[in-house]
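Whatever order the structure lists them in is the order used to number ligands and atoms, beginning at 1.
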Amino acid sequence: MLFPFPAPAPLVGIARLAATSPRLEAKSQVEYFELESRSILNRCSSPRMPFPWTINPYRGCEFGCQYCYARYTHEFMGLEDPSLFENKIYAKARAAELLRRELRLHPEGEIALGTSTDPYQPAERRYRITRSLLEVFAGECGRRLGITTKSNLVERDIDVLLEVARRNALSINMTVTTTDPALARKLEPRAPRPDLRLAAVSRLAQAGLSVGVFASPILPGITDSESSLDAVARAAKEAGAGYLRSGLVFLMPSAQKQFFPFLDQQFPALAPRYRARFQANPYLRGEYAEMIRRRVARIRERHGLPSAPPDLAPDPAAEQEQLALFD
Ligand code: SF4
């Protein structure tokens with residue numbers, strides 16, 4: 001043969017596991033797989049993140065937010081096309097068993113559940129991996145756990161969330177980037193509508209859980225106006241959120257692959273400015289960032305919303321109860 005094809009490079013690590021994962025089912029363009037995992041509690045070394053541990057029950061996320069920074073996690077598995085992040089969903093096998101074992105090895109530190117996937121995306125309705133993890137936390141004492149989602153499916157787990165909150169510091173963060181349903185549909189095409197997310201905030205708060213709203217990411221020229229951010233803050237307050245946090249969008253090259261063509265279609269006037277700014281640096285810094293920081297601080301003050309949950313000391317009576325179990 002004059003031009004032999006080179007033998008494909010052998011797949012290793014997570015790419016090999018992904019390629020050999022058994023398919024669980026397929027729904028329209030979405031396919032679900034079971035991913036054998038070696039661990040579920042991952043150390044987070046990023047200085048930008050305030051927590052040392054993360055848990056992601058799935059790889060990939062069906063909500064398909066245009067700005068999602070987590071698309072790189074599929075690239076690690078050899079899945080380069082950005083659309084595969086929302087169309088090939090991997091459910092982690094034996095997650096609860098792994099968590100029980102790993103919590104014994106790592107007794108301290110805040111844990112963030114749902115940093116590069118939504119723990120309440122549609123797959124959770126069927127596979128219930130997030131719920132199985134919460135059941136493990138319900139048997140723990142003195143942990144600090146934060147859950148971030150865009151889904152009202154979190155309401156399904158109010159019973160087990162209350163159990164977790166009895167002996168652990170638990171906060172639930174509902175992401176609401178905009179209250180405008182048409183804009184949300186463009187930005188977060190398969191996530192629940194903002195009003196459904198806010199209704200979930202209301203039910204969680206009424207149940208006595210600590211719940212706040214994340215107005216993140218803030219997108220320049222799209223969701224960064226005073227009126228847009230104020231509408232999110234007002235709706236959060238009315239729903240009973242205890243705090244409001246926000247963060248500016250950042251666009252790594254894997255996220256740019258999805259977001260720039262989206263801008264070309266939906267916001268063509270903004271596209272060249274985004275390209276110029278984010279190709280030079282994936283993070284927004286300087287004067288603009290400072291102006292937004294002041295704007296959000298002003299809005300939080302107007303609505304009486306702190307930037308973080310109050311110190312969530314676990315109920316001392318519940319702690320005593322737990323200790324009594326070991327007498
Ligand atoms: S919900 Fe979060 S993880 Fe899922 S696509 Fe949107 S930004 Fe990404």
Task: is_close_aromatic(F250, Y69), centroid dist under 6.0 Å - done: yes
Open item on the list: Using ring centroids (six-membered ring only for Trp), state whether Y90 and Y58 fall under 6.0 Å.
Closed with: no
Task: Residues clustered with F85, ILVMFWY side-chain links under 4.5 angstrom - done: none
Open item on the list: Could you tell me if T177 and E188 have a donor-acceptor pair between their side chains, going purely by distance under 3.5 Å?
Closed with: yes
Open item on the list: Assess, by modelled atom type and distance only, whether the side chains of Y120 and N152 contain a donor and an acceptor separated by less than 3.5 Å.
Closed with: no
Open item on the list: Using a 6.0 Å distance limit plus a 45 degree cone around the ring axis, check whether K150 lies over the aromatic ring of F214.
Closed with: no
TODO: Report, as a single number, the protein N, O or S atoms less than 2.8 Å from atom 4 (Fe) of ligand 1.
DONE: 1
